[in-house]
Amino acid sequence: QVQLVESGGGLVQAGGSLRLSCAASGRTLNTYVMGWFRQAPGKEREFVAGIGRTGISTVYEDSVKGRFTISRDNAKNTGYLQMNSLRPEDTAVYYCAARLTYYIPKGSHEYDAWGQGTQVTVSS
């Protein structure tokens with residue numbers, strides 16, 4: 001099973017940017033689809049973005065389209081989420097996830113491996 005560790009969260013003002021990283025170990029990442037999810041206090045975990053095994057296919061939740069970019073570097077066994085034009089409503093714990101499959105799932109229950117999460121706080 002692959003192990004995932006997120007980093008890059010923090011406090012930023014509205015309109016600012018952050019880049020989250022998801023480092024994988026235990027298995028090579030190129031056989032896994034990756035996803036980013038977030039969970040705000042009192043809310044369910046929601047899909048943010050997903051990327052296929054080669055990095056060519058991507059999918060985004062509507063509210064982050066045009067602001068967030070998901071990418072991956074299989075040579076470094078790392079995935080990324082570039083977040084621009086951040087809004088207070090983006091405040092949440094962000095998790096990366098992985099699944100050994102060929103399509104990009106949007107349901108959190110469809111992912112096998114999870115990181116511990118990294119806090120993103122956007123102030124107004």
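Positions are given from 1 along the sequence.
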* To do: Indicate, with yes or no, if Tyr111 and Leu4 share a hydrophobic cluster defined by side-chain heavy-atom contacts under 4.5 Å among Ile, Leu, Val, Met, Phe, Trp and Tyr.
  => no
* Asked: Shortest non-hydrogen contact from Tyr102 to Val33?
  -> C-CG2, 4.2 Å
* To do: Look at atom CD of Gln1 and say whether more than 12 heavy atoms of other residues, nucleotides or ligands are closer to it than 6.0 Å.
  => yes
* Given the rule that I, L, V, M, F, W and Y join up when any side-chain heavy atoms are under 4.5 Å apart, are Ile51 and Phe37 in one cluster? -> no
* Structure fact -> Closest heavy-atom pair, Asp112 versus Leu100, reported as atoms and distance to 0.1 Å, is OD2-N, 3.8 Å
* Would you find a donor on one side and an acceptor on the other, under 3.5 Å apart, between the side chain of Thr121 and the backbone of Leu11? -> no
* Donor-acceptor under 3.5 Å (Asn74 side chain, Arg53 main chain) -> yes
* Are side-chain heavy atoms of Ser71 and Gln82 found at a separation under 4.5 Å? -> no
* Examine Arg19 relative to Tyr80 and say whether NZ or CZ is less than 6.0 Å from the centre of the six-membered ring and inside a 45° cone about the ring axis. => yes
* Asked: Going through the checks in order, is the side-chain hydrogen bond (donor to acceptor under 3.5 Å, both in side chains) test met by Thr78 and Asp73?
  -> CA-CA 5 Å; Thr78 302; Asp73 186 339; over 6 Å; no
* To do: Could you please spell out the steps behind the ring pair (Phe, Tyr, Trp, His ring centres under 6.0 Å) verdict for Phe68 and Trp36?
  => CA-CA 11 Å; Phe68 291 11; Trp36 284 93; 9.9 Å; no
* Asp62 and Lys65 ion-paired at < 4.0 Å -> yes
* Taking C-beta and beyond as the side chain, do Trp114 and Arg45 meet within less than 4.5 Å on heavy atoms? -> yes
* Do Ile104 and Ser57 have side chains that get closer than 4.5 Å, going by heavy atoms? -> yes
* Could you tell me whether Arg99 sits above the aromatic face of Tyr32, with NZ or CZ closer than 6.0 angstrom to the six-membered ring centre and within 45 degrees of the axis? => no
* State yes or no: do Tyr95 and Met83 share one hydrophobic cluster built from I, L, V, M, F, W and Y residues joined by side-chain heavy-atom distances below 4.5 Å, directly or via other members? => no
* Please step through side-chain contact (heavy atoms from CB on, under 4.5 Å) for the pair Val120 and Val122, ending with a clear verdict. => CA-CA 7 Å; Val120 171; Val122 184; 4.2 Å; yes
* Asked: What are the two closest non-hydrogen atoms of Cys22 and Met34, and how far apart are they?
  -> SG-CE, 3.7 Å
* Structure fact -> Value for CD (Gln13) from OG (Ser124), rounded to nearest 0.5 Å, stands at 9.5 Å
* Asked: Closest approach of Gly9 and Leu20, non-hydrogen atoms and distance?
  -> N-CD2, 3.6 Å
* Quick one: do Val64 and Arg38 satisfy side-chain contact (heavy atoms from CB on, under 4.5 Å)? Show the steps, please. => CA-CA 12 Å; Val64 307; Arg38 64 186 179 187; 4.1 Å; yes
* Side-chain contact test, heavy atoms from C-beta onward, threshold under 4.5 Å: evaluate it for Asn77 versus Arg72 and give yes or no. => no
* Flag side-chain contact, heavy atom, 4.5 Å: Tyr60 against Ile70 -> yes
* N/O donor-acceptor pair under 3.5 Å between Arg67 side chain and Ser85 backbone -> yes
* Asked: Short question: side chain of Gln116, backbone of Glu6 - any donor-acceptor pair under 3.5 Å?
  -> yes
* How far does CG of Leu81 sit from OG1 of Thr118, to the nearest 0.5 angstrom? -> 11.0 Å
* **Shortest non-hydrogen contact from Gly79 toward Leu29** => N-CD2, 4.3 Å
* Where Ser17 and Asn84 come nearest, the two heavy atoms and their spacing -> OG-OD1, 2.9 Å
* Asked: With a 4.5 Å heavy-atom cut-off, do Thr91 and Gln119 have their side chains touching?
  -> yes
